[in-house]
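Taking it in order: structure first as structure tokens, then the write-up.
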Amino acid sequence: MTCVYAQRRALLAAQLGAGGVAIIPTAPERARNRDTGYLYRHDSYFYYLTGFSEPNACLVLGADGTSVLFCQPKDLEREIWDGIRLGPEAAVAELGVSQAYSCTELDARLPRLLENRERVWFPFATHEGLAARVEAWLGQVKGRVRFGAQCPAEQADLCALLDEMRLVKDAHEIAILRRAAAISARAHMRAMQRSARMLRAGQEVREYHLDAELLHEFRQQGSQYVAYGSIVAAGANACVLHYQADKAPVRAGELVLIDAGCELDGYASDITRTFPADGRFTGPQRTLYDLVLASQKAAVATTRAGARFDDVHDAAVAVLAQGMLDLGLLDRSKYGSAQDVIESRAYFQFYMHRTGHWMGMDVHDCGSYVEPGEPGPDSERRDPLSGELIIHRPSRILRPGMVTTIEPGIYVRPAPGVPEPFHNIGIRIEDDAVVTETGCELITRGVPVEADEIEALMRD
Ligand code: GLY
Ligand code: MN
Ligand code: MN
């Protein structure tokens, strides 16, 4: 699939401006402990433009469309230990770049590639040490000024261009995202079924048993990694937003919240389901579950081209706020209406995160949440939890091909005045949506979401 990467390079090159040149390195290898490394993961920007996943590589792209790749040289001994390398000779034909050299030549060749250009683009604040390396390369160009070389006078953040490109997914990307989503959906079903099966058989279930089911299905279906650390939270652990799968017992009568997704061919998926450990919701669990599901349905119905990113969150919050009053989670004598709950942000006690985020190569994908070119700041406020200053600007207008998660939740920690039957229940429902002209396509609905359908799946 070389052509899609060449097309993206051409699109990017056309935005660099006359005299522009861009430098895009891949990610470094990282040590885990002693001489053991973390499983290597390429840089998403670099992969987006090359489809190349070896470490120690860097792409240099000129405004005229010329592309120069630096990559690991062929090396029989290293290849015996670490695996086959593509090598610069094969890279030109395989990746469609104009030229390719060994990465050992990067420092020697880079200054010449920057010479007589006006602006050098590179991703700011994403690759540790890159800005200093660019400075060093520019320093070498300056050293040749008396021989007639011109040094670029401007540096610009390449993320500004690439983030906009990556925000709207092309057909190639959406096809992979659909496959990743389908694998993750199967993994969730597998974990739900194992939980019910083991509890029915009287066996002890731990969070890690369900995590093992997820990992099994991800790898069984060819996914290379998890897109993020899986959350498998039994009972009250579901109220810890970033809880990781651990060893807590999974008990009949309690809910389990699983937030997990695989990464497939460089693309993430991100699904949350909350289900009864033994396959039967209790009354209070079902009441809260149906409220979160209703809020998700409202958010899904709002997700379409032309709507704003924040409209989706507002739609979910409107349903949750009304539900919090109706169920007595919030005191009606203090908050007369859902509007009061929203304006005072009282709902934060039980719903403290946003309803979605961009998703793509990165689970929290790049791309601004503010509509470019619209005036701001609009308003400012403090986050009730962290105290962080939030500048509220008109949010992004959704366009076909954008991909967002839709993930409302409710997390009930025991507190005075909070009805006891709801204590320690944490529920989130998360699906991944591709924005279309008329609505959105939920690509993660291979796993059921209606309470009755979850119960039916877990009975079988
Ligand atoms: N799994 C991370 C998130 O839902 O944002
Ligand atoms: Mn998410
Ligand atoms: Mn998630």
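Numbering of ligands and ligand atoms starts at 1, following listing order.
- Looking only at N/O/S atoms, E407 comes nearest to the Mn ion (ligand 2) through OE2.
- Contact annotation: H353 has no heavy atom less than 4.0 Å from any atom of ligand 1.
- When all heavy atoms are compared, the tightest approach of I231 to L241 is CD1-O, 3.4 Å.
- Residue contact annotation: H357 places an N/O/S atom under 2.8 Å from the Mn ion (ligand 2).
- When hydrogens are left out, the protein atom nearest atom 2 (C) of ligand 1 is H364 NE2, 3.6 Å; that is the closest non-hydrogen contact.
- Using a 4.0 Å cutoff on heavy atoms, D270 counts as a contact of ligand 1.
- Which parts of ligand 1 touch E430 is read off a 4.0 Å heavy-atom cut-off, strictly below it: atoms 4 (O).
- Taking every non-hydrogen atom of Y228 and a distance limit under 4.0 Å, the qualifying atoms of ligand 1 come out as 1 (N).
- Taking the six-membered ring for Trp, Y369 and F309 have ring centres closer than 6.0 Å.
- For a distance bound of 2.8 Å, the N, O or S atoms of E430 include one lying that close to the Mn ion (ligand 3).
- For the 3.5 Å distance criterion, the side chains of D311 and T302 fail to qualify, holding no donor opposite an acceptor.
- D270 contributes OD2 as its N, O or S atom closest to the Mn ion (ligand 2).
- A distance-only check finds no donor-acceptor pair linking the side chain of S184 to the backbone of S269 [under 3.5 Å].
- Side-chain polar atoms of Y48 and D43 form no donor-acceptor pair below 3.5 angstrom.
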Side-chain donor-acceptor distances from residues 243-254 under 3.5 Å, at least two apart:
| unit_1 | atom_1 | unit_2 | atom_2 | d |
| --- | --- | --- | --- | --- |
| Y243 | OH | E207 | OE1 | 2.7 |
| Y243 | OH | E207 | OE2 | 3.2 |
| Y243 | OH | N237 | ND2 | 3.0 |

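- For Y351 and Y411, the gap between ring centers reaches or exceeds 6.0 Å.
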